[in-house]
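The analysis underlying the following values was restricted to heavy atoms, covering all of them including side chains, and did not include hydrogens, waters or symmetry mates. Within every chain, numbering begins at 1; the chains are lettered A, B, ... in the order of the sequence lines, protein sequences first and strands thereafter.
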There are 2 protein chains.
Amino acid sequence: MVRAGKKNINTHIIKIDGFFKVAISVDCAIFGFDERELKVLLIKSDQPQFKGKWSLLGDLVSPEEDLDKAAYRVLKERTGLENVYLEQVHTFGSVRRHPTGRVVTTAYYSLVNIEQCRLTTLENELHWHSVTEMRPLAFDHRLIFDTCFKSLQNKIVDHPVGFNLLPKKFSLRELQHVYEAILGKSLDRRNFRKKILSMEILQDLNEIEDNVPHRPGKLYKFNGNTKTEMF
Amino acid sequence: MVRAGKKNINTHIIKIDGFFKVAISVDCAIFGFDERELKVLLIKSDQPQFKGKWSLLGDLVSPEEDLDKAAYRVLKERTGLENVYLEQVHTFGSVRRHPTGRVVTTAYYSLVNIEQCRLTTLENELHWHSVTEMRPLAFDHRLIFDTCFKSLQNKIVDHPVGFNLLPKKFSLRELQHVYEAILGKSLDRRNFRKKILSMEILQDLNEIEDNVPHRPGKLYKFNGNTKTEMF
DNA sequence: TCAAAAGTGTTTAATATACACCCATGC
DNA sequence: GCATGGGTGTATATTAAACACTTTTGA
C-alpha cells in the first residue's frame, strides 16, 4: 500500500511556475462510544504553530491512492480496524487553511467500536475526547469536526448507523444511549424501542445481558451489513 | 482573479519524484428550469477520448484560488451570473477517473435562472439538457451528475431552494412546476400551496400574472436571501 | 427488600394525504 | 361559452409524542 504518511508535507507542496502546488489530504473524525459518551479520537499536533493543540487524524493522499482509500488507510493505521463505517462529508479548500502550504482536505467521519481499537500511537499522543468537552483544535479542525458531527446527527435521524459504535451484541438500552449521546438529548424509552423494533433491522439473539446490576436485557445484533455505503 | 482555465491540464499534472502530481478541479451541475423541465448545462467535451460526448462544466483549481471560489468562477465565466445558489456535494478522487492524469474533483450543484444567463460559449458548445433525457457523459460525469441530482432532490424536500430557478417574481403554479420537475412526480395543488404558504417564506407582491391564457395568478417573491448558505 | 433497568400499550397531537367546486381570464 | 388554471377547506390516515405500571435481577 502506498504510504504518504511518512513524508514531510513539504515534499508534497512544491513550488512550480512561481507558486506552490496543491496537496490533497483526508481528515477523519473517528467517533467512538464509551461510558455513555460520544468520543472522538484526536492526536497531539506536531506543528509548531499548534503546539499542544489536538487535531483530527489525517494524512496526505498519495498521487497513486484513491481518496476513499486514503481515509480507510488512516483508520487502519491508527485504530487497526478494517471494514469500518466511513462517510465522506465535505471538502475544505481555502487557500490559507494550512500554515505550511496549500492543502485541500476532504473530511470523513467514521463510527467504530472503541473496544476493538488497537491504537497506534507512533510518535504522537492519541486520545479519545468527549465531544461535549472539545477544546480549540489545530488548523481549522474545529470547523471540520463540527461539520462532521452535524452530518452524523442528521444521518442518524433516519439511517440506522448507531450499531457501528457498539459491540456485535448489544441491548436496546445501549443502543438508546448511543442515540442520546449523538443527538445530545434524552429519548423516550418506549417510543425508541417501538421505532427501532419496527424498522426490522435487529435480530433477537435469544441471549441476555450478563453482569449487570439489574434485570438483564435481551441482546440483539444488526441483521444487515454494517459497512459503509461507499463500496 | 486567478484563471486556471486557460492552462493545459498537463501543466498542472507534473511528474515529480517519479510519479504524477495531483491536480484539483471543480465540476458544476448547473441546473435551470424552462418549459416545465429541469435542465442541466453541459458542454461538448474537447477530450479526444470523449469526442462528441457532453460533460459538466468544470475547471482546474489554481493553487492560489479557494475551492469554493473556483466553483463560483466557473459559474460566472459560463453563465455570467454572480451570487448564485451553490452547494458542495461530494469529492471524487479515484486515481483513474481522469484519462490525462490524477485529478481530484469536487462536485457542486447550482440553481440558476436560465433567462438571466448569458452563456459564454468560448470554443466549445454549451447546451441545456433535460435531466430526463441524459445520454452518457464524458469522464465519470454521469456519476457526478446523478450524485448532484439526488442531492438536490433531498435538499428540496425540506429546504426552500426552488426559487433560485425562477425569476424574482413568480406564481405558485410556476413554483410547483419547479418542485414537480425536481422530484419527478406531480404534487397535489392545494397541499402544495398550503405547505409553501405556511412556511412564510413568500411575500405577496399584490401583482398578478400577465399574458397568461387563463385566470392570472398572484405573484410572489422570496422574502429572504437566495444566496447559498456557504458564505 | 431495595435499587435499577426491562418490558409493555394507549391516548393525544401533529402532520400528511386525498379530494371537488366555483371563479377569473383570454380566446 | 369554453378551455385553462386560480383559489379555497375538510375529512381521513399516518406518524410522532406523551405517559405509568409490573417484572426481573443483583446486591
Side-chain angles (χ1 to χ4, degrees), chain A residues 33-37 153-160 162-163 166-167 169-221, chain B residues 33-37 153-160 162-163 166-167 169-221:
Chain A
F33 180 73
D34 192 31
E35 311 258 354
R36 291 200 181 190
E37 279 191 314
Q153 289 178 321
N154 289 333
K155 185 80 179 182
I156 206 172
V157 171
D158 40 30
H159 299 271
F163 328 68
L166 292 172
K169 301 177 179 184
F170 52 87
S171 67
L172 284 175
R173 169 177 37 83
E174 293 172 303
L175 187 60
Q176 183 173 345
H177 288 158
V178 165
Y179 276 73
E180 290 177 336
I182 292 174
L183 296 173
K185 63 179 181 185
S186 58
L187 301 171
D188 180 89
R189 191 156 56 92
R190 276 171 294 189
N191 291 337
F192 178 79
R193 297 168 72 92
K194 221 184 310 175
K195 182 172 173 177
I196 295 290
L197 292 174
S198 74
M199 287 182 186
E200 300 185 333
I201 50 177
L202 295 190
Q203 184 179 333
D204 187 342
L205 291 169
N206 293 314
E207 295 178 58
I208 57 171
E209 286 180 296
D210 207 0
N211 285 334
V212 286
H214 52 75
R215 174 176 173 180
K218 282 184 174 182
L219 290 176
Y220 296 85
K221 70 168 188 175
Chain B
F33 180 74
D34 193 32
E35 310 259 354
R36 292 200 181 190
E37 279 190 315
Q153 288 178 320
N154 290 331
K155 184 81 178 179
I156 206 173
V157 171
D158 40 29
H159 295 90
F163 328 69
L166 293 172
K169 301 177 180 186
F170 53 85
S171 66
L172 284 175
R173 170 177 38 81
E174 293 172 304
L175 187 60
Q176 182 174 346
H177 288 157
V178 165
Y179 276 73
E180 290 176 334
I182 292 174
L183 296 174
K185 64 179 183 186
S186 59
L187 302 171
D188 180 89
R189 189 157 56 93
R190 277 170 293 188
N191 292 336
F192 178 79
R193 297 167 73 90
K194 222 185 308 177
K195 181 173 175 178
I196 295 291
L197 292 174
S198 73
M199 288 182 188
E200 300 185 333
I201 50 177
L202 296 190
Q203 183 179 334
D204 187 340
L205 291 168
N206 293 314
E207 296 178 59
I208 56 171
E209 287 180 296
D210 208 1
N211 285 335
V212 286
H214 53 76
R215 173 174 171 181
K218 283 183 174 183
L219 290 176
Y220 296 86
K221 70 167 188 176

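For R189(B) and dG7(D), a side-chain-to-base donor-acceptor distance below 3.5 Å is present, hydrogens and geometry of angles not being considered. Contact annotation: side chain of R190(B) to base of dA20(C), donor-acceptor pair present below 3.5 Å. Residue-to-nucleotide contacts include a donor-acceptor pair under 3.5 Å from the side chain of R215(A) to the base of dT23(D). Counting distance only, with no hydrogens placed and no angle test, the side-chain atoms of K195(A) and the base atoms of dT15(D) include no donor-acceptor pair under 3.5 Å. Taking 3.5 Å as the limit, the base of dT8(D) and the side chain of K218(B) contain no donor-acceptor pair of atoms between them.
As rounded to whole Å, 16 Å separates atom C1' of dA24(C) from atom CG of L172(B). Atom CD of E180(A) is separated from atom P of dA5(C) by 12 Å (rounded to the nearest Å). If you measure from atom CG of D188(A) to atom C1' of dA20(D), you get 11 Å, rounded to the nearest angstrom. Following rounding to the nearest Å, L183(A) (CG) and dA17(D) (P) show an atom-to-atom distance of 12 Å. Taking atom CZ on R173(B) and atom C1' on dT4(D), their separation rounds to 10 Å, with Å as the unit. Residue I196(B) contributes atom CD1, which lies 17 Å from atom C1' of dG6(D) at whole-angstrom precision. What separates CZ of F192(B) from C1' of dG5(D) is a distance of 15 Å, to the nearest Å. Atom CG in L197(B) sits roughly 8 Å away from atom P in dT8(D) (whole-Å rounding).
Between dG7(D) and R193(B), a contact under 4.0 Å exists linking OP1 or OP2 to a side-chain N or O.
Panel note: side chain H159(B), backbone K155(B); a donor-acceptor pair is recorded below 3.5 Å. A distance-only check finds no donor-acceptor pair linking the side chain of Q203(B) to the backbone of K221(B) [under 3.5 Å]. In this structure a side-chain-to-backbone donor-acceptor pair under 3.5 Å is present from Q153(A) to I182(A). With E180(A) contributing its side chain and L187(A) its backbone, the two residues share a donor-acceptor pair below 3.5 Å. Side-chain N or O atoms of E37(A) include none that pairs as donor or acceptor with a backbone N or O of D34(A) at under 3.5 Å.
In this structure, G162(B) and V178(B) approach most closely via the heavy-atom pair O-CG1, 3.9 Å. The two atoms that bring P216(B) and I208(B) nearest to each other are CG-CD1, 3.7 Å, heavy atoms only.
Heavy-atom distances under 4.0 Å link DNA chain D to no residue of residues 202-211 of chain A.
Nearest-nucleotide positions on DNA chain D place P213(B) closer to the 5' end than the other of K194(B) and P213(B). In this structure, V212(B) and P216(A) both approach DNA chain C, and ranking their closest nucleotides by distance from the 5' end singles out P216(A). The nearest heavy atom of DNA chain C to N191(B) and to S171(A) marks one nucleotide each, and the one closer to the 5' end goes with S171(A).
In the set dG6(D), dA5(C), dC19(C), the nucleotide with an atom closest to the side chain of H214(B) is dG6(D).
For Y220(B) and F170(B), the distance between ring centers is not under 6.0 angstrom.
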